[in-house]
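Throughout, protein chains are lettered first and strands after them, A, B, ... in sequence-line order, and every chain is numbered starting at 1.
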Amino acid sequence: MSESALYRSVEPQVSFPEMESRVLEGWAARDVFGKTLRQREGGPEWVFYEGPPTANGKPGIHHVEARAFKDVFCRFQTMRGHYVHRKAGWDCHGLPVEIAVEQELGITQKREIEEKVGIGEFTRRCRVSVQRYVDDWARLTDRIGFWVDLDDAYWTMSSDYVESVWWLLKQIWDKGLLEEDFKVVPYCPRCETSLSSHEQHQPDAYQTVVDPSVYVRLPLAEDPATALVVWTTTPWTLLANMAAAVGVDVTYAKVADPDLEGRYLVVAKDRMKQLLGDEVEALEEMTGADLVGISYTPPFGFVPSGPRGHRVRPGDFVSTEEGTGIVHLAPYGEDDMAVARRDDLPIVQMIDGTGHVVPSAGSFGGLWFKDADAAIVRDLDQRGVLLRSENYEHAYPHCWRCNTPLLYFARKDWYIRTSQLRDQLQASNEETNWQPPTIKHGRFGDWLANNVDWSLSRDRYWGTPLPVWRCDNGHTLCVGSFSELSELAGEDLSGLDPHRPYIDEVTFACPQCSTEATRVKSVIDAWFDSGAMPFAQWHYPFEGEAAFETRFPADFISEAIDQTRGWFYSLLAIATMIRGHNSFKNVVCLGHIVDEAGRKMSKSRGNVIDPWVVIDQQGADAMRWLMLTGGTPWSSRRVGMQSIQEALRKYLLTLWNTYSFWVTYASLEAFDPTGMDIPVKERPETDRWILAELEDTVREVTRALDDFDATRGGRRIERFVDDLSNWYVRTNRRRFWRSTTDSDTRAAFLTLWECLVVTAKLTAPFTPFVSDEIFTNLTGPDGNAPESVHLADWPQPDEMRVDDALVRRMRLTRKLVALGRSARTDARMRVRQPLARAVLVGPAAELRELGDLTGVITDELNVKVVDYARGMEELVSYSVKPNFKALGPRFGARVKGVAGALAATDAHALVATLEKEGRAFVAVDGAEVELTPEELDVRIEGRPGFSLAREGPYGVALDLDITPELRAEGVAREVIRGVQDLRKTAGLAVEDRIELSLSTDDDSIAEALKAHLEYVSSEVLATTTHLDEETAGDAAATIIEVDGGVVTAKLQRP
RNA sequence: GGGCCCAUAGCUCAGCUCGGUUAGAGCGCAUCCCUGAUAAGGAUGAGGUCGAUGGUUCAAAUCCAUCUGGGCCCA
C-alpha cells in the first residue's frame, strides 16, 4: 500500500488494543483531557458527581459498566459546550478495608486487632491497602478512557475530608437529629459491630439457608397437662425466652396433643388444621385476651422469671399467617424489645458479642450460636418439650462483607433521626429524575416511605471517628472542626491525624462540669462519608465555597441499582438535612452484569471476567460499546467474551473498514477535502440520501443522550454505520476509483468523508479511542481542525439536509433490490450473469418516484433495464385487504363488513380504479363506501409459471432470456472475478498494474473474451492482455471455471 | 409473606409507552450468491401456541386481572 503525506495508512487488519494504547499515549503527551476542560472553562457548567469506588479490591468488569455510563454523558455534554468538572473520588474507610487487612494479617477475630496488632499499626495498614487498590483503579480508569481528574481526587480518609464530615455531623447534631439509642440491630458477631439497615441490604446479604423450624410446648404453670405452642426458626433464641405473645382478638383453640395421651395444646384456631391435620377438633375456644397473664414453664431455666417473666403478653404484631399464633419473645427482635420495655420483662443476654453462648448456659455454653441449634433441639426433644421439628428453607441475612450469619441484638448505638424527616426526604426525591423512572416511586420511594433511623456508629477502627466526646457525668458534645477541637483541648491540633487511635487520645475538660471528656470510641458508617462528597470533596465550608455553590446539586450521577440503599440514599439524606434539597437532579441506575449463564458475577463463583483480559484481547472501546448499547441498561445483562467480540465485529470493525476504505482511495488520489465543498443539492441523490440519514442520526443521538439514554443513541449510530458501509459504500464504490477531478468522484469522497467525520464525533462519547483515531487522521490535512475529536463541537442539526421523501424512496429501492435478489435465487440465476431486464411491480405513484434510484437497482441486480408492471398483469394477481389500523377507528365493528366486501370485489378492477382515480368504492351493507389508498392493503401474488419475488404490494420479476451477448458478458465477468481473486492471492495492492494472459480450449468462451477484452483489461488494471499466449517465468496462475468451460489465467507485474 | 423488574426463535435481544390481522434482528445451523474496503455483505430455508389462563376489543406479543417460573429488593 502506497504511503501518502496526507493520511496515516490504515490497515484493515487492525489491533484495537494496540491502536487504543497509541491513542492513550497521545492523550497523555498532549494533555487532551486537560484541554477539553480548559476549552470549556467559563461555559455553562454541567455538574457530575463521581461516586467513589471502595478501594478494597481490584475492579471487575461490572465496574467498567458504571464508568462507561458516567463517561459517555460527561463527554457528550463537554462536546455540547458545557464545562464538566470531573473530580475523581475514593471511598477509603470502612469494614471492607479492615477485612482486607485482617486477611492480610491472618486475623480472624476482632479482639486480635487490639491485642496482637495495635490500632495504630492496623489503621496504618488500612491506609496502605487503600493506596494500593486505588492505584489499580486508577490504572483501569485511565485505560478504559474514563476521563476524571485522578490527580485531584477526593479521598474520604484525608484530614480535610474528615473535617467536612465532622462539620456536617455537627449541623445534624445542632438540629437534634444525632442521638444515642437502644435498638435491636443486625449485628455481625465476627466483625463485632452492628450494621446499618442499608448495609444489611447489600446484594448477597440474604442467602437461602436451611434452618430448623421447631414447635415447642410451653406447659402452663397452673395446668401442666396443657401447653402453649410456639414456633421459631432460631432455636438458640429459646435460651433467652422472656415471654409469649398472643393477639388479643385472635381465637385460640385447645386441642388434644397428638403425641401425648391426656395432654392438650393451645394454638390459634386458624392454624390448628395446618399444624395438626384436618382431623383435629377444638375442644375449647378462647380469645387471646383470655390467655393474657397466664404463666408457663419456659423452655430453659437460664432466665429468672421474676414477677413478670414467662407469662402470656398481648402483642399487636401477632399474626396467624404462619407459626402457631403464639410468639416466643426473646431480646433479639424489634417487637420483642418493645414488649419487654412496655411490660418490664427480664432481659438476659444468652449470646456474647462474638456470637457464642454464654458460659452460664450449662452444656450449651461456648457454642457458636448457630451450632447451638442442633443441641437445643435434641435437648428439647429428650425432655418432651419439642412438639415437632422440621427443616425450613428461608432467606437469612448475612454480613455483606464477611458472610457470617447475622444476629439481631439489642444494642446502644448512635442514630440519625432520619425517620423524622420522611416528608422532606420524599420531597427531595420528587425533585429527582430517575432512569429508569419506576425506581423513583418504586424501590427508592418505598424505601423512603418506610425510612428508619440511620444507624451511624460502628465499633470499629478504620473510619471517620464519631466526633462526640462525653464526660463521666454523661454530658455529650459534638465537635464540628479541628479548630474547635484545638480550642477545647487547648493545643493546636490542626496537624493531627484525625483517625484512631490518635484522635482517641484527645481529651478535654467538659465545658459543663469540667470533668474529663473522652471521645466515644465509635467510627461512623462509611456510607455517610460517600454521601458527604458534594460538600466534603471541596473541604466545604472551610474552603471551596465557590466550587461547592456552583456545583450543587449535580446534574448527573450514575451507579448500579444496589446503590438505592447505599450512595443514592446517603447523598439524598445528607443534602436534604443540610440544604433541604437533593444533591442530584438526574440519576441513571444500572442493572447488574451477570455472566453468560445469567448468574451474578462473584469472586466465590469464579465467573468474574477480568476487565484486563478483555482490554488486551478486544480493547476498551468494544467493552464500552457493549455496556452502553447491548441490552437494557437497568436490567441485569449477560456479558461474556462472546458478546464483546460480537460488539467488536458488528460495530467497530464495520466502522473501521469503511474508514479504511476511504483512506485507501483518498491516499491513492491524494484527495484533500480541506476547503473543498460541493453544495449538497448538487450532489447525486445517493449522496443526499446518506447525508439525510446522517442528519437524522445526529438528531436522534442528540435527543437520546439528552434523555440519558445511551443505548438508544448508540443503536442509531450502529444503524447508520451499517447503512453507510453496507449500502452507501457498497453501491458507490466505483465512484471512488476514478479521478478526483471528476466532480462526481469528488462528491463521493466529500460525502463519505463527512459521514465518517460526523460519525467519529457522534461515537466519541461512546468509543473515545477509535473515534479519535479516525477523526485525527481524516482531518489531518486541515491545519485548523481540532487536535482531537474530544475537542470538537457536537454536530449541529442542519435543516437543509432533511429529506424524508428521499429516505422513503431509498427504502423502496432497497426493498426492490432485496426482492430482485430473491428472484435470482429462486431462478438459480447467479448475479454475475447479466440479464436484460427486471420488471418492478408496485403502486404506480411510488414506482414513478424512484427516478434516478433505478440505477441502483440495475447495478445491484445486474440487469440492463428496469421495466414497470404496467400492462404486465398477467404476471400477478392482486388481493386487497383492509388496512385495519386505518379502517378500524373509522368503521369500528363494521370493519369486518368492509373486509367481506373487499374480498367479494374484483381485485384487479379495484387496483385499476385506485391507480387511476386515487380512491376506490365498495358496497358495505348496501351503502357505497369510498376508500383511499391508505385505507387499503394491496398485496400481489405470483401466478403459477412465473418466477416472481413479492412482498406486500411490491414484486420483482426477472427476464430470464439470456441472449448470446448477455452470455458473453457473463463470461467476461466470471473471468474478471477470477483474475481479481488471483490478484488478491498474489498479494497485489489495489492500484498495482499487471500483465495478463488468458487461455481456453472453448471457442465460445474465447470469442466472448475477445469481444470484451478491453472491459476485462480495464477492470483488472491490466496494461496488456494476451489471449492464448503463454507468459514466461514465475507468473501467478489460476484456473477459472466459466459456464461449462475453463479459462487459465496468469498474471505478473509488468 | 410484601414490593419491583423480567419471561418473544437453540442462544442474545428488539418490538409493548400509543392495540391493527405476515412478530423482527444478531449469533449459530443448512443451501446458494456476492466480494477492487471488510475478521464482511446478500438471498433462501429450518427454528415462535410472544410463560399460562381468563377478560376488554371489530382486533391483543402490546391493555387489564389472576397464576406460574426467574431475578432483585425487603420482611
Summary of protein contacts for nucleotides 25-36 of chain B, nucleotide by nucleotide, where a base hit scores B, a sugar-phosphate-only hit scores S (4.0 Å, heavy atoms): -SS-----SSBB
Atom pair CZ (R649(A)) and CD1 (I644(A)), whose distance is rounded to the nearest 0.5 Å: 13.5 Å
Rounded interatomic separation in angstrom, taking CG from N657(A) and P from A37(B): 11 Å
Test of ring centre spacing under 6.0 Å for Y569(A) and W454(A): yes
Under 3.5 Å donor-acceptor, T759(A) side chain and C755(A) backbone: yes
Side-chain N,O (T654(A)) to OP1/OP2 (U38(B)) below 4.0 Å: no
CD on E65(A) to CG on L626(A), rounded to 0.5 Å: 9.5 Å
Touch class at under 4.0 angstrom, heavy-atom based, for V663(A) against every strand present: nothing
Between A37(B) (P) and E669(A) (CD): distance, integer Å: 14 Å
Whole-Å gap separating P (U44(B)) and CZ (R821(A)): 10 Å
Separation between the P atoms of U49(B) and G24(B), rounded to whole Å: 15 Å
Residue met sooner reading RNA chain B from 5', once F16(A) and L819(A) are mapped to nucleotides: F16(A)
I857(A) CD1 - A43(B) C1' separation (whole Å): 17 Å
Gap in Å between the two P atoms, one belonging to A59(B) and one to G41(B), rounded: 43 Å
Might you list the N or O atoms of the protein lying below 3.5 Å from N or O atoms in nucleotides 22-24 of chain B, with each pair's distance?
from	atom 1	to	atom 2	distance (Å)
U22(B)	OP1	R939(A)	NH1	3.4
U22(B)	OP1	R939(A)	NH2	3.3

C29(B) and U38(B), which share atom name P, separated by this distance in whole Å: 22 Å
Sequence-distant partners of N777(A), side-chain contact (heavy atoms from CB on, under 4.5 Å), two or more places apart: Y7(A), R8(A), V10(A), Y659(A), V663(A)
Partner set under side-chain hydrogen bond (donor to acceptor under 3.5 Å, both in side chains) for T1025(A), not counting sequence neighbours: S1017(A)
Using atom names, set out every protein N or O paired with an N or O of nucleotides 58-64 of chain B below 3.5 Å, distance rounded to 0.1 Å.
from	atom 1	to	atom 2	distance (Å)
C58(B)	O2'	K896(A)	NZ	2.7

Consecutive-pair stems (at least three Watson-Crick or G-U pairs, under 3.5 Å) that include RNA chain B: B:1-7 with B:68-74, B:10-13 with B:24-27, B:29-33 with B:41-45, B:51-55 with B:63-67
C1'-based separation of G69(B) from G51(B) [nearest Å]: 8 Å
Length of the CZ-P vector between R719(A) and G15(B), whole Å: 14 Å
D707(A) and R712(A) ion-paired at < 4.0 Å: yes
Nucleotide nearest L653(A) (side chain, heavy atoms from C-beta), chosen from A43(B), A39(B), G41(B): A39(B)
Q645(A) CD to C11(B) C1', straight-line distance once rounded to whole Å: 17 Å
Residues which pass side-chain hydrogen bond (donor to acceptor under 3.5 Å, both in side chains) with R730(A), listed by chain and number, not counting sequence neighbours: E860(A)
Qualifying residues under side-chain hydrogen bond (donor to acceptor under 3.5 Å, both in side chains), relative to R890(A), sequence neighbours excluded: E935(A)
Qualifying residues under side-chain contact (heavy atoms from CB on, under 4.5 Å), relative to R716(A), sequence neighbours excluded: E693(A), D696(A), T697(A), E700(A), V701(A), R719(A), F720(A)
C1' gap between U57(B) and G20(B), integer Å: 12 Å
Heavy-atom donor-acceptor pair, S725(A) side-chain to A37(B) base, under 3.5 Å: yes
is_close_aromatic(F568(A), W434(A)), centroid dist under 6.0 Å: yes
Nearest-Å distance once atom C1' is located in both C13(B) and G48(B): 15 Å
Rounded distance (Å) that lies between atom P of A40(B) and atom CD of E718(A): 15 Å
Inter-nucleotide C1' distance (U62(B), A23(B)), Å rounded: 11 Å
V729(A): side-chain contact (heavy atoms from CB on, under 4.5 Å) partners, not counting sequence neighbours: T658(A), F661(A), L752(A)
Sugar-phosphate only, base, or nothing, as touched by V14(A) at under 4.0 Å among non-hydrogen atoms: base
Those residues that, when tested against T858(A), pass side-chain hydrogen bond (donor to acceptor under 3.5 Å, both in side chains) (two or more places apart): none
Between C58(B) and U66(B) - C1' atom distance, rounded Å: 26 Å
Length of the line joining D722(A):CG and G41(B):C1', which is rounded to integer Å: 9 Å
Backbone of D992(A) reached by a side-chain donor or acceptor of R983(A) within 3.5 Å: yes
Centroid-centroid distance, F671(A) to W753(A), less than 6.0 Å: no
With sequence neighbours excluded, residues passing side-chain contact (heavy atoms from CB on, under 4.5 Å) with D937(A): K881(A), R939(A)
